[in-house]
Amino acid sequence: MTGREEEQSRLRKAYESEHSEFVVVYGRRRVGKTFLVRESFNYKFTFQHTGLAGKSTRQQLHSFQLSLRSQGFGRAPLPANWLEAFDMLAGLVSLSRAKKKVVFIDEMPWMDAPKSSFLPALEQFWNGFASARKDVLLIVCGSATSWITRKLLRNRQGLHNRVTCRIHLQPFTLHECECYARLQRLGMSRRQLMEGYMVLGGIPYYWSLLDREKSLALNIDRLFFSRGGELRGEYAELYASLFHHPEKYLAVIEALGRRKAGLSRAEIVRESGLPENGKLTEVLDDLESCGFIRKYGHIGMKAKNALFQLTDCYTLFYFQFIDGNTVNDEHFWSKSIDTGAYNSWCGLAFERVCLLHSRQIKTRLGVAGVISSEYAWWAAGEDGKRGAQADLLIDRSDGVINLCEMKFTKTPYKISAADDAAMRNRQACFVEDTRTRKAVHLTLVSAQGVERNAYSDEVQAIIVGDDLFTE
């Protein structure tokens, strides 16, 4: 298995615990939750079951019955309800002679059909049976992050504070993607890995679809633009798998997809047509928890003035090149390289990659151990619209603010006189607008480094693409 050392260690500790443990593994679709659990326990469980998508309670119970029968309860009858189903599971667990009885229930949110009384039965199984023993390891998994969060992690009833370990599985970093590509012998340079990340993000399943015998461009053509491409219809499935009622989430995502710099809450209401109420807060919290958007504040302003920005690489690629694309060409991507639309997307996508690797940027700056906060900044332009802005500010406790500029080029970036003037103007505007007394360091993050010239030494810190590949 590539990476996931910390997550595997936490699962091992739960297994070796002297008490029963209730573990929740959650994260977005295709991020590798099921693979992590199965690999960590070598595919050996006292009981394993996977919920069925979009099925009735009766169908879910029948599937549970089949799992019981196939794993030791040979004459298990069809449970009349979930209380009976979990009682049968308790009986099966009691018969096991294993030192630790590992029960793995995958896609649990799908099992909670309307009016199924699933949660009270789960409460009874854990509170009345498993927690009264010392040898049960219950692992619950699911992509529907909103269900996991509300029903298990923030439960205010019988399961309140019952979860003993929560693992929010994150997408791979560039470093982990590089390790995976090396393991799969994809033969990709770091520049190709960077571009692959700009399209696929750090989703392991997406990377597993790459064919080592094809170039990255041909792989993208095959996955996204060929007839029946495996990722062509992923957009609708992605959000439907995560949220029971995806319409509200899609409305927010589509509104954010139209605005590079992000939207305020009021602007989201206006652009999406959703009402301004607590439900919108839930939608935004869920999307942020899943890693699709980021909430970031304007330095010096209150949190209520925050912006929300789309950061999911796959979704950004979808809006740029797939949504509304009427060109029926299976080689669309190969033919798009070096076009204006391609170059514009590269700049935006690289900025998102940098935002997702702010920890690596701080490490390269040598301030990983310094307390810092990340912000954005924008100054009002004409008609009250946002004018000058910076997507990433690192406000450090040592009296320095890094004002970051991100550039994606195929060759080392050459700072021109106009570029130098623009950066210095932005720096001056920032100081004037925020009235900061801290030192403001111009920080350039360039995918291919910077060509030395009369202006390159005027930048206080330069981060290169290789720096983003550190652990």
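These numbers come from a predicted model, not from an experiment. What's counted below: heavy atoms across the whole structure, side chains too, no hydrogens, waters or symmetry copies.
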Review point. Could you go step by step and tell me if T281 and R265 meet the side chain to side chain donor-acceptor pair (under 3.5 Å) rule?
Key: CA-CA 9 Å; T281 300; R265 185 183 176 103; 2.9 Å; yes
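- A salt bridge links R191 to E195: at least one charged side-chain nitrogen sits closer than 4.0 Å to a carboxylate oxygen.
- Within 6.0 Å of atom CD1 in I371, 12 or fewer heavy atoms from other residues, nucleotides or ligands are found, so the atom counts as exposed in its surroundings.
- With contacts defined as side-chain heavy-atom distances shorter than 4.5 Å, the pair R12/S40 does not qualify.
- To the nearest 0.5 Å, atoms CZ (F408) and OG (S344) are separated by 13.0 Å.
- At distances below 3.5 Å, at least one donor-acceptor pair connects side-chain atoms of W207 with backbone N or O atoms of G201.
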Exercise for review: Begin from the C-alpha positions of Q48 and R38 and carry the test side-chain contact (heavy atoms from CB on, under 4.5 Å) through to its verdict.
Suggested key: CA-CA 10 Å; Q48 179 183 192; R38 288 176 174 171; 3.0 Å; yes
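- Test L174, L365, D467, T470 against Q360 for side-chain contact (heavy atoms from CB on, under 4.5 Å) and you get one pass: T470.
- Using a cutoff of 4.0 Å between basic side-chain nitrogens and carboxylate oxygens, E282 and K248 are not scored as salt-bridged.
- Summarising the geometry of P109 relative to G142, their closest heavy-atom pair is CD-CA, 3.9 Å, with the distance given to 0.1 Å.
- Using a 4.5 Å cut-off on side-chain heavy atoms (C-beta onward), R352 and L355 make contact.
- One N or O on the side chain of K33 and one on the backbone of R28 form a donor-acceptor pair closer than 3.5 Å.
- Side-chain contact check for S143 and R30: no donor-acceptor pair (N or O, by modelled atom type) lies under 3.5 Å.
- With R222 as the partner, the salt bridge (charged side-chain N to carboxylate O under 4.0 Å, His left out) test is satisfied by one option alone out of E230, E330, E213: E230.
- Scanning both residues, L284 and I293, for their nearest heavy atoms gives O-CD1, 3.8 Å.
- Panel note: side chain R359, backbone E471; a donor-acceptor pair is recorded below 3.5 Å.
- Between K13 and E21 no salt bridge is recorded (no basic side-chain N to carboxylate O distance below 4.0 Å).
- Judged purely by atom type and a 3.5 angstrom limit, S20 uses its side chain to pair as donor or acceptor with the backbone of A130.
- Heavy-atom minimum distance, R69 versus P77: NH2-CA, 4.5 Å.
- Under the 3.5 Å distance criterion, the side-chain polar atoms of D395 are left unmatched by any main-chain donor or acceptor of S373.
- A 4.5 Å side-chain heavy-atom check between W126 and F22 finds at least one atom pair inside the cut-off.
- Salt-bridge formation is detected for the pair E178/R190: a Lys NZ or Arg NE/NH1/NH2 atom is positioned less than 4.0 Å from an Asp or Glu carboxylate oxygen.
- Between W345 and F321, the two ring planes are perpendicular [angle over 60°; tilted spans 30° to 60°].
- When the shell of 6.0 Å around CZ of R185 is examined, it contains 12 or fewer heavy atoms from other residues, nucleotides or ligands.
- Around CG of N42, the count of heavy atoms belonging to other residues, nucleotides or ligands within 6.0 Å exceeds 12.
- Ring-plane geometry between F118 and W82 is classed as perpendicular, the angle between the planes exceeding 60 degrees on a 0 to 90 degree scale with a lower cut at 30.
- Annotation: the span from S336 atom OG to I220 atom CD1 amounts to 10.5 Å, rounded to 0.5 Å.
- D286 and R150 are joined by a salt bridge, as a carboxylate oxygen and a charged side-chain nitrogen come within less than 4.0 angstrom of each other.
- For the pair H168 (side chain) and S289 (backbone), a donor-acceptor distance under 3.5 Å is present.
- Taking the six-membered ring for Trp, Y235 and Y314 have ring centres at least 6.0 Å apart.
- Ion pairing between a basic and an acidic side chain is recognised when a charged N comes within 4.0 Å of a carboxylate O; E234 and R29 show such pairing.
- Between F292 and Y249, the gap from one ring centroid to the other reaches at least 6.0 Å.
- Atom CH2 of W147 sits about 10.5 Å away from atom OG1 of T149, to the nearest 0.5 Å.
- Aromatic ring pairs are classed by plane angle as parallel below 30°, tilted from 30° to 60° and perpendicular above 60°; the pair F317 and F225 is perpendicular.
- In this structure the side chain of F129 reaches within 4.5 angstrom of the side chain of S94, judged on heavy atoms.
- Heavy-atom contacts from other residues, nucleotides or ligands closer than 6.0 Å to CZ of R154 number 12 or fewer.
- No more than 12 heavy atoms of other residues, nucleotides or ligands sit less than 6.0 Å from atom NZ of K55.
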Exercise for review: Under the side-chain contact (heavy atoms from CB on, under 4.5 Å) rule, what do V25 and I148 come out as? Steps first, then yes or no, please.
Suggested key: CA-CA 9 Å; V25 182; I148 292 284; over 6 Å; no
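- Between the side chain of S116 and the main chain of T57, no donor-acceptor pair closer than 3.5 Å is present.
- Around the CZ atom of R58, the shell of radius 6.0 Å holds no more than 12 heavy atoms that belong to other residues, nucleotides or ligands.
- Between the S208 side chain and the Y205 main chain, a donor and an acceptor come within less than 3.5 Å of each other.
- The line from OG1 of T311 to CG of L256 is 9.5 Å long, rounded to the nearest 0.5 Å.
- Side-chain contact, T315 with Y239: a donor N or O sits under 3.5 Å from an acceptor N or O.
- Under the 4.5 Å side-chain criterion, counting only non-hydrogen atoms from C-beta, Q309 is in contact with Y296.
- For the pair N277 (side chain) and L280 (backbone), a donor-acceptor distance under 3.5 Å is present.
- Looking at heavy atoms from C-beta onward, L83 lies out of side-chain contact with S117 at the 4.5 angstrom threshold.
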**Study point:** CA sep, side-chain torsions, deciding dist, call: I253, D312, side-chain contact (heavy atoms from CB on, under 4.5 Å)
**Key:** CA-CA 10 Å; I253 289 293; D312 181 64; over 6 Å; no
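- By the 4.5 Å heavy-atom criterion applied to side chains, L392 and N402 are not counted as neighbours.
- Considering only heavy atoms from C-beta on, I105 comes within 4.5 Å of M111 through its side chain.
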Check your understanding: After noting the C-alpha distance and the side-chain angles of E84 and N81, does the key distance pass the side-chain contact (heavy atoms from CB on, under 4.5 Å) rule?
Key -> CA-CA 6 Å; E84 286 191 10; N81 51 52; 3.6 Å; yes
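- Heavy-atom neighbours of K151 NZ from other residues, nucleotides or ligands within 6.0 Å: at or below the threshold of 12.
- To the nearest 0.5 Å, the span separating CG on N325 from OH on Y318 amounts to 10.5 Å.
- The aromatic rings of Y197 and H357 lie perpendicular to each other, with more than 60° between the two planes, well past the 30° mark.
- Side chain of R162 to main chain of H160: a donor-acceptor pair is present (N/O by atom type, distance under 3.5 Å, no hydrogens or angles).
- Taken to the nearest 0.5 Å, the CZ atom of F73 stands 6.0 Å off from the CE atom of M88.
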